[in-house]
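None of these values were measured; they are calculated from a predicted model. Computed over heavy atoms, backbone and side chain alike; hydrogens, waters and symmetry mates excluded.
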Amino acid sequence: MESESDEVKERLIESFTPRIRRLIAVNRVLDHMHSLEPGLKERIRQRAATDGDSAAAGDLISAVLKKPRAAGWFRAFVDALLHSGCESAADYIQTPPEPEVEAENDYCVMLVELLSPSLVDMKTDVVCHECFSQGLINQDDDEIIRTSTANQGNGSGARELLRRIVRGRPGWFSDFLEILRKTEHQYLYELTGGPPDSDKTGDLPSSPPSSQGTVTSECIDVWWRLLIQLTASSFISQLLPARHACNCVTRTSVRLLCVTDSGAADGGPEKADIVLRDYQMDVASPALEGKNIIICLPTGSGKTRVAVYVTKKHLDGRRAEGRAGKVVVLVNKVPLVEQHYSAEFLPYLKSTYNVERVSGDCQLKISFTDIVKNSDVIICTAQILENFLERSNKGEDEGVNLSDLSLIVIDECHHTQKGGVYNHIMMRYLAQKHKNRRLEKEQKVPMPLPQILGLTASPGVGGASKIGKAEDHILRICANLDAHRIMTKDLGQYQREPRKLIKTVEDRKEDPFGNVIKNIMNAIHTHAELSPTSDFGSQNYEQWVVLRERIAATEENQKVRVCSEHLRQYNEGLNLSNTIRMRDAFSFLNTYHEEELKKKTTPDEEHVIKITDTEKFLFNLFKGIWVEELQRLAEMPEYENDSLSKLRSKILHEFSSREAARGIIFTKTRRSAIALSQWIQENPKFADIGVKASYLIGGGDQSVVKPMTTAESRDVLNKFRNGKVNLLIATTVAEEGLDIAACNFVIRYGLVTNEIAMIQAQGRGRAEDSSYTLVEVKNSGVAEKERVNEFRITMMNKAITNIRALDQADYDKRILEFQLQAIMEGKVRMTKKKKKNMQDLKGEVKFSCRSCSKHVCTGNDIQIIEDMHRVNVTPEFKYEPQLFIERENPSLQERFLDYETNFYIACKDCGQRWGSMMLYRGIDCPSLHVKNFVVTFNEKKMSKCTKWGDLPIRFPVFDYAEQASRVAESSDDED
């Protein structure tokens, strides 16, 4: 049973929980909380990574207070706070400060936060050194601040510094002022309350604040006036109590006023007002006027931050006008949902607007329609929005309309082309826009459409080789996004151009490992009587062998099919030996054959599945002398490929020549990413110079290699950000969109795709003095592809310049032409798709009497005569007495060579005509006229179907022989 003292301590912690949550550095405290379960500690760390320290601190406090508690729990918690540098939090739960001291400290915190846009201009390294010397920050803080400064710039380090010093014990502000003065930051010193130079006059205090842990009344007056000026016309000024009414701020008002690293329980740290750089403001200006634009800026230049700024101004403006605002941020990858939510939109908007995120990985089970109704900003994958737009189009209740939204932000908008989901959404937009024009001409109310903001680092050239085609490609993207302009800007002083280097490789003087694989492949060619047309290990060979396998499967040629499959694996093994270690290539081939053998045996091993002679040949071929030879050669480093040697030298150079190296290696396949990571981890030379490697691969299941889960990817990226991993080996999943910490070197290892990916990869090297290196791999052709991409990038930039130079009227005309073309192409595609769907699902096409709605038949019942007459000759229809009646009508009497029509058929229940009775070569054939029926497809009625051409189905040709035989059998029965 706990003592009364424990209950008092518990109430004390609970009373000050809102305060101490802001003062706890969760990860550091957890390092000293030895009484907590490892699993619980890991969950709290994950919460800190995703939702911020404040939210995770709440979980930590709940864990500490959870009963039953071990003896000494309170002392252990206090000690953990003290040892982790959270002395201020420890003070609160032992001896809370007086209200006046607390209020003064809150003034200091508010002032630093409000002045942070100016304070981030400090000389961070110099100020950080002094803060560490004076005890305002600890060693962990110092390392984090310096790492942030080195990798992400001076401003980022300064923000880290400010976030940490405000957690200090009361009196930190006076010490901080003195440090600003001592480090010759006179302007910042005066701005934050320090006295001006002796030859100046003003209202500021005549002497520095006391450095003994208190703040003078004069400083409070100065700070008060600054706060009033800085918060004028804002919601904060409405909350500030009158200065003459009280000399301190109540605990309640402080909680409302403080905009420090506290954050909400569900959203991580809240950030100050968004401040854009000049180039960011320039590209954003048309969007701030409500126009649709594309922002084209390099990776790492802050496109998403601009989008957050535009979103806030958009919502603020609509709120001021008394109109509701609704913003949807669309991304094309699931991890980007959480990234944009946690790192950008939520921290800046949560104090004013309701921000929510939805994706396939999201645990939120609320209806998307309800989320749209109840949220101001929704971040989601594009497919989710498209699904609910389609639901609305079908008339379902749980749908969303474009008119429900006021702004759509499209990330990586260069994907708005061809058959992508972005384009599906924008085709709906364009169709409605052009429909609105017709409504306006008819003086009808048009449907409101949202503003569009597209973000991209590179629209690409779409494979164009001439400037005119490149312009058309970019204009088509602009048209699809209904963009008034494509906005781009030179980054000036913020431009980061990495040094570029291409590492060429030499062919092996000897390649006995590869020769063994080629000998095996030649033996298979002979056995299957195949004659390849391309070199082993090449992409062309891969395509050739895949085609052979497909043809063999179609022709049921099992010998060639299984041989082709094995050849494909050997070709991959050859590629791996040119990319990674021979032992990795051997492991791949050995594992493949073991798995194939397992398929031939049931789990209980009681029944052996039949193995064909070709399969026996293939298994014996590998398991004979060749497997021992491959295994022996795989352990001989003198035969390793030159690419791996060049990569080793480059990594060693980067980490030995830089004070804090951080890099990414891009490689082609998941298997090579994992193998390279293992190779680095197993090499002691890399460990000696501080290389800490990990791999990052995709989450799709297209590959036989196990994909990464979202949680695993997030964990790797978090470790890369905080320095626990400083070398990332990644597939193309890391090229586009993901917010990866700034690197000072990027290596593309035998991987070159297109100009868009090249720009994305180069953009990962954001730090100063960064490098971009291309390492060749045999048969990859990457050096040549890189030169092509460089040409395309030059052409793309010139095309964008030409487009921006167009007169607005000329630009609008070309955009309109592309839009009309896109709408027409979209209609053709939809018609073809609809036709294909109906063709495959004729049974779902149903015909009902137009008058009484009685079911008549389905599309499966109809055949066609002479490409003209659709007839239903099924016994169920022809001989069902209650369905239709025949009536003679002289006006229908038509005689042709093979058929005549003398009667019409009508619904027996209501008399509605359905068509005519044809006598075709002696057989009665009920011919249906579609205009007399209501046609439904998948239970949805077709609004217009007045002629058979409106129904996109190719009916089978009337089978005269079958019908004649059936009639003859019927006549025999009657006899």
Colleague: Can you tell me how far apart CD1 (I13) and CZ (F74) are? Round to the nearest 0.5 Å.
Modeller: 5.0 Å
Colleague: Taking 4.0 angstrom as the limit, do E654 and R658 come out as a salt bridge?
Modeller: yes
Colleague: Please tell me if the side chains of L717 and Q339 come closer than 4.5 Å, counting only heavy atoms from C-beta onward.
Modeller: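 No; the side chains remain at least 4.5 Å from each other.
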Colleague: Do N27 and N722 touch side chain to side chain, with heavy atoms closer than 4.5 Å?
Modeller: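 The answer is no; the side chains never approach within 4.5 Å.
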Colleague: To the nearest 0.5 Å, tell me how far R159 CZ sits from L119 CG.
Modeller: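 The distance works out to 11.5 Å.
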Colleague: Are any non-hydrogen side-chain atoms of T304 and V329 less than 4.5 angstrom apart?
Modeller: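 No, too far: nothing below the 4.5 Å cut-off.
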Colleague: Does some side-chain heavy atom of L727 sit less than 4.5 Å from a side-chain heavy atom of F745?
Modeller: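 A side-chain contact exists here, since the closest heavy-atom pair is under 4.5 Å.
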Colleague: To check you understand the geometry: which heavy-atom pair defines the closest contact between S342 and P347, and what is its length?
Modeller: O-CG, 3.0 Å
Colleague: Can a donor-acceptor pair be found, under 3.5 Å and without considering hydrogens, that links the side chain of Y353 to the backbone of D316?
Modeller: yes
Colleague: Under a 3.5 Å distance rule, please check whether D31 uses its side chain to pair with a backbone N or O of S84 as donor and acceptor.
Modeller: no
Colleague: Given 3.5 Å as the limit, does a donor-acceptor pair link the side chain of K719 with the main chain of V725, or not?
Modeller: no
Colleague: Are the side chains of R167 and W172 in contact, using a 4.5 Å heavy-atom criterion?
Modeller: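 Heavy-atom side-chain distance check fails, nothing below 4.5 Å.
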Colleague: For D376, is there any backbone N or O sitting under 3.5 Å from a side-chain donor or acceptor partner on N354?
Modeller: no
Colleague: Quick check: does any side chain N or O of K692 sit under 3.5 Å from a backbone N or O of G723, one acting as donor and the other as acceptor?
Modeller: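 Confirmed, K692 side chain pairs with G723 backbone.
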Colleague: Verify, without hydrogens or angle tests, whether R164 (side chain) and I137 (backbone) share a donor-acceptor contact under 3.5 angstrom.
Modeller: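 No, R164 side chain to I137 backbone: no donor-acceptor pair under 3.5 Å.
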Colleague: May I ask you to check whether over 12 heavy atoms, not counting those of H129, lie within 6.0 Å of atom NE2?
Modeller: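 Atom NE2 in H129 is not crowded, with 12 or fewer foreign heavy atoms closer than 6.0 Å.
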Colleague: Students often mix this up, so state it plainly: with edges at 30° and 60°, are the rings of F176 and F173 parallel, tilted or perpendicular?
Modeller: tilted
Colleague: How long is the gap from CZ on R305 to CD1 on I274, to the nearest 0.5 Å?
Modeller: 7.5 Å
Colleague: Does a side-chain heavy-atom distance below 4.5 Å link L315 with T311?
Modeller: yes
Colleague: Does R43 offer a backbone N or O that forms a donor-acceptor pair with the side chain of R47 under 3.5 Å?
Modeller: no
Colleague: Is there a side chain to side chain contact (heavy atoms under 4.5 Å, CB included) between V337 and V358 once you walk through the steps?
Modeller: CA-CA 7 Å; V337 174; V358 186; over 6 Å; no
Colleague: Hey, mind stepping through E10 and K67 against side chain to side chain contact (heavy atoms under 4.5 Å, CB included) and telling me if it holds?
Modeller: CA-CA 11 Å; E10 179 182 352; K67 297 179 181 178; 3.7 Å; yes
Colleague: Could you give the distance from CZ (F720) to CG (N726), rounded to the nearest 0.5 Å?
Modeller: 7.5 Å
Colleague: Roughly how far apart are D125 CG and I145 CD1, rounded to 0.5 Å?
Modeller: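 Going from the CG atom of D125 to the CD1 atom of I145 covers 10.0 Å.
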Colleague: Can you check whether A693's main-chain N or O pairs, donor with acceptor, with Q681's side chain at less than 3.5 Å?
Modeller: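 Pair found, side chain donor or acceptor close to backbone of A693.
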Colleague: Do the charged groups of R45 and D715 touch, with an N to O distance under 4.0 Å?
Modeller: no
Colleague: Heavy atoms, side chains only, cut-off 4.5 Å: are V377 and H340 in contact?
Modeller: no
Colleague: From S174 OG over to E178 CD, what is the distance, rounded to the nearest 0.5 angstrom?
Modeller: 9.5 Å
Colleague: If you take all heavy atoms of M33 and F77, which pair is closest and at what distance?
Modeller: SD-CD1, 4.1 Å
